[in-house]
Asker: 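Okay, here's the structure, questions in a sec.
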Amino acid sequence: MPLEATTSPAGDRFRPFDTDLDQTRALAVLREAVAGADDGELFLERRRSESLVLDDMRIRSAGFDAGEGFGLRAVRGEVAGYAHSTHLTENALTRAAATARLAVGAGGGILAAPPSGTNTRLYPDTDPILDAGFLVKIDTLRAIDDYLRGLDARVVQVSASLSASLQEVVILRPEGGLLSDIRPMSRLNISVIVEQDGRRETGTAGGGGRAGLAALLEGDHWQAQAREALRIAIVNLAAEPAPAGVLDVVLGPGWPGILLHEAVGHGLEGDFNRKKTSAFAGLMGQRVAAPGVTVLDDGTLPGRRGSINIDDEGTPSARNVLIEDGILVGLMQDRQNARLMGVAATGNGRRESYAHTPMPRMTNTYMLAGKADPAALVADLRDGIYAVGFGGGQVDITNGKFVFSCTEAYRVKNGKIGAPVKGATLIGDGPTALKNVRGIGNDMALDPGMGNCGKAGQWVPVGVGQPSLLIGGLTVGGNA
């Protein structure tokens with residue numbers, strides 16, 4: 001179906017110092033707020049988002065949201081004063097500065113050097129909401145429903161959603177630097193329920209990234225996603241109860257990297273290590289994983305969901321090596337924790353919105369490929385599980401203990417993939433799991449663009465990835 005392509009008009013860009021605030025006065029207020037502080041900034045944001053949801057042949061919801069505001073921060077040592085407002089006025093800014101100033105106290109700090117500039121552009125700056133007309137989006141969702149019902153008579157329910165957003169940020173630094181980023185995001189998600197002999201199962205597929213909606217609305221793309229969701233649902237129709245016990249596990253490539261993100265990634269964020277609440281605290285330079293395990297956090301991958309041109313403090317994103325050949329070599333840092341730990345910021349200072357303070361957060365976290373044939377890793381399993389898809393999970397940062405549910409997994413005996421299993425959960429701890437990696441596939445893949453990460457009540461988009469991995473001795477929770 002034809003798409004109504006358009007771009008956001010140049011005159012509609014977020015320029016708060018042209019339309020709402022005087023930049024010279026704003027800088028003076030900011031400098032007064034951070035006088036005697038170690039750091040601080042004025043973060044201004046405008047965000048627009050649209051979402052449409054089809055459920056069981058009906059458009060269940062269609063929403064559009066828009067908002068803007070600022071947050072002003074002053075940092076002294078471990079303390080940060082922060083105030084925010086939806087009013088882009090000098091009066092609101094002055095009141096916010098007085099509140100943030102409370103964290104500075106008598107002063108005595110030395111203002112940290114500003115972040116370096118960058119001209120890197122990892123994604124387009126067009127508005128994905130305007131990539132296609134509203135009716136085109138509605139028609140696409142209905143076409144997905146019709147397509148799936150026509151593929152298989154066992155389909156009893158289809159849910160599909162489209163979402164697009166544009167976040168525009170402007171950061172004013174106390175030394176006078178002005179930085180900006182325009183961040184598009186789009187996503188298509190498809191879920192299907194099938195029924196056979198009174199049994200119902202679900203399959204889900206989708207993804208997106210920092211790009212427009214146009215590619216997601218192409219028939220070849222959404223049809224492939226619809227077939228994948230249907231395939232997973234049909235696989236689960238034949239699933240047997242999962243076994244329980246300590247088993248060797250092969251994780252598939254791509255999205256299973258969510259386990260790496262939760263069980264390892266959060267533990268390598270600077271704040272948890274500075275406060276010594278991470279299972280990896282104090283282990284810099286030591287072996288924390290099996291030889292061959294190299295883990296990166298990389299915000300510079302073009303178009304990926306977790307990528308950012310600059311972080312929310314103005315530091316350019318970077319390709320940061322965290323674990324190299326099993327040795328802990330780096331952490332993810334924002335400016336405050338980097339300064340307190342005597343290291344450089346890594347471009348990982350992120351926040352959900354202007355109403356939140358930045359903190360060390362992941363971008364795209366993944367493990368590099370090894371040399372093993374993925375099929376050989378499965379063939380090495382005498383009695384275990386081959387886990388391809390994951391749902392939700394939980395992790396305790398202090399010890400790395402995790403619990404993850406599998407959405408697609410198979411029993412393996414004597415190297416042969418058998419029946420799919422239902423209800424499998426993987427239980428372990430990140431440091432031990434890393435050391436028990438016995439094989440690393442040559443098939444590293446990134447996830448399709450579906451990750452959101454929560455920390456301290458804030459949510460940000462992220463990416464994950466990994467090759468196939470053979471991990472020995474994970475506890476599998478099941479019902480068989």
Side-chain angles (χ1 to χ4, degrees), residues 55-56 144-160 189-207 222-259 373-393 403-427 441 443 445 447-448 450 466 468-471 474-480:
D55 189 21
D56 203 18
I144 291 170
D145 188 289
D146 292 341
Y147 180 73
L148 279 166
R149 293 179 189 277
L151 280 180
D152 197 303
R154 291 171 292 182
V155 172
V156 295
Q157 186 168 338
V158 175
S159 297
N189 193 72
I190 300 173
S191 180
V192 58
I193 298 176
V194 295
E195 181 176 9
Q196 181 175 313
D197 300 327
R199 177 174 176 175
R200 289 192 171 196
E201 296 292 347
T202 302
T204 300
W222 64 253
Q223 288 173 16
Q225 297 298 319
R227 290 193 299 270
E228 175 64 6
L230 179 60
R231 182 195 67 80
I232 295 170
I234 292 173
V235 164
N236 287 328
L237 276 177
E240 302 173 353
V246 178
L247 300 169
D248 294 342
V249 176
V250 171
L251 304 178
W255 178 243
I258 189 65
L259 189 149
D373 180 351
L377 297 180
V378 177
D380 282 344
L381 282 182
R382 301 276 67 82
D383 186 13
I385 294 291
Y386 178 39
V388 179
F390 282 90
V403 178
F404 278 89
S405 60
C406 300
T407 56
E408 182 182 0
Y410 301 85
R411 193 79 159 96
V412 179
K413 290 187 177 181
N414 297 319
K416 302 294 184 182
I417 297 177
V421 295
K422 181 179 176 60
T425 57
L426 301 185
I427 304 168
D443 58 343
D447 76 283
M450 61 178 68
Q466 67 171 44
S468 294
L469 294 177
L470 171 57
I471 302 178
L474 283 179
T475 298
V476 177
N479 44 26

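Keep in mind that what you see is a predicted model, and the values were worked out from it rather than measured.
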Asker: Start with the C-alpha distance between Leu426 and Val476, add both sets of side-chain angles, then the distance that settles side-chain contact (heavy atoms from CB on, under 4.5 Å), and finish with yes or no.
Answerer: CA-CA 5 Å; Leu426 301 185; Val476 177; 4.0 Å; yes
Asker: Got a donor-acceptor contact below 3.5 angstrom from the Thr425 side chain to the Gly477 backbone?
Answerer: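 Checking the backbone N and O of Gly477 against the side chain of Thr425, a donor-acceptor pair under 3.5 Å is found.
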Asker: Go through the steps for Asp447 and Ile258 under the test side-chain contact (heavy atoms from CB on, under 4.5 Å), then give the verdict.
Answerer: CA-CA 9 Å; Asp447 76 283; Ile258 189 65; over 6 Å; no
Asker: Please examine the side chains of Thr407 and Ile232, heavy atoms only from C-beta on, and report whether any two atoms are closer than 4.5 Å.
Answerer: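 No, their side chains stay 4.5 Å or more apart.
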Asker: Rounded to the nearest 0.5 Å, what separates atom CG in Asp152 from atom CD1 in Ile234?
Answerer: 4.5 Å
Asker: Let me see the working for Asn189 and Gln225 under side chain to side chain donor-acceptor pair (under 3.5 Å), right down to the final yes or no.
Answerer: CA-CA 8 Å; Asn189 193 72; Gln225 297 298 319; over 6 Å; no
Asker: Is the shortest distance from a Lys or Arg side-chain nitrogen in Glu201 or Arg154 to a carboxylate oxygen in the other one below 4.0 Å?
Answerer: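 Looking at Glu201 and Arg154, the cut-off is not met.
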Asker: On a heavy-atom basis, which atom in Gly423 and which in Ala242 lie closest, and how many Å separate them?
Answerer: C-CB, 4.0 Å
Asker: Which value, rounded to the nearest 0.5 Å, describes the distance between Leu381 atom CG and Lys413 atom NZ?
Answerer: 12.5 Å
Asker: Taking NZ, NE, NH1 and NH2 as the nitrogens, is one of them in Arg199 or Asp197 under 4.0 Å from a carboxylate oxygen of the other?
Answerer: no
Asker: Determine yes or no for a side-chain-to-main-chain donor-acceptor pair under 3.5 angstrom, with Trp255 supplying the side chain and Pro448 the backbone.
Answerer: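 The answer is no, because no donor-acceptor pair under 3.5 Å joins these two groups.
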Asker: Which pair of non-hydrogen atoms, one from Leu377 and one from Ser468, has the smallest distance, and what is that distance?
Answerer: CD1-O, 3.6 Å
Asker: Indicate the atoms forming the closest heavy-atom contact of Ile190 with Ala226, along with that distance.
Answerer: CD1-N, 3.7 Å
Asker: side-chain contact (heavy atoms from CB on, under 4.5 Å) for Val194 and Arg200? Distances and angles first, verdict last.
Answerer: CA-CA 6 Å; Val194 295; Arg200 289 192 171 196; over 6 Å; no
Asker: Would the distance check show the side chain of Asn236 and the main-chain N or O of Thr202 forming a donor-acceptor pair, the cut-off being under 3.5 Å?
Answerer: yes
Asker: Do Ser405 and Phe390 have side-chain heavy atoms sitting under 4.5 Å apart?
Answerer: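 Side-chain contact under 4.5 Å: no.
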Asker: So do the side chains of Asp248 and Arg382 get within less than 4.5 Å of each other, counting heavy atoms only?
Answerer: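 Not touching, per the 4.5 Å side-chain cut-off.
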Asker: Rounded to the nearest 0.5 Å, how far does CG of Asp146 lie from CG of Leu151?
Answerer: 11.0 Å
Asker: Measure across Asp55 and Ser159 and return the closest heavy-atom pair with its distance rounded to 0.1 Å.
Answerer: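 Shortest heavy-atom separation between Asp55 and Ser159 comes out as OD1-OG, 2.7 Å.
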Asker: Testing the basics here: between Gly391 and Phe404, what is the closest heavy-atom pair and its distance to 0.1 Å?
Answerer: O-CD2, 4.5 Å
Asker: Heavy atoms, side chains only, cut-off 4.5 Å: are Gln157 and Val192 in contact?
Answerer: no
Asker: From Glu408 CD over to Tyr386 OH, what is the distance, rounded to the nearest 0.5 angstrom?
Answerer: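 OH of Tyr386 is found 8.5 Å from CD of Glu408.
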Asker: If you look at every heavy atom in Pro241 and Val421, which pair is closest and at what distance?
Answerer: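 That would be O-CG1, 4.3 Å.
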Asker: Say whether, by atom type as modelled, one donor and one acceptor occur between the side chain of Gln466 and the main chain of Gly252 under 3.5 angstrom.
Answerer: yes
Asker: Identify the residue among Leu469, Leu470, Asp443 that makes a side chain to side chain contact (heavy atoms under 4.5 Å, CB included) with Pro374.
Answerer: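 With Pro374 as partner, Leu469, Leu470, Asp443 yield a single side chain to side chain contact (heavy atoms under 4.5 Å, CB included), made by Asp443.
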Asker: Going by an N to O cut-off under 4.0 Å, is there a salt bridge joining Arg149 and Asp56?
Answerer: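 Yes, charged N to carboxylate O under 4.0 Å.
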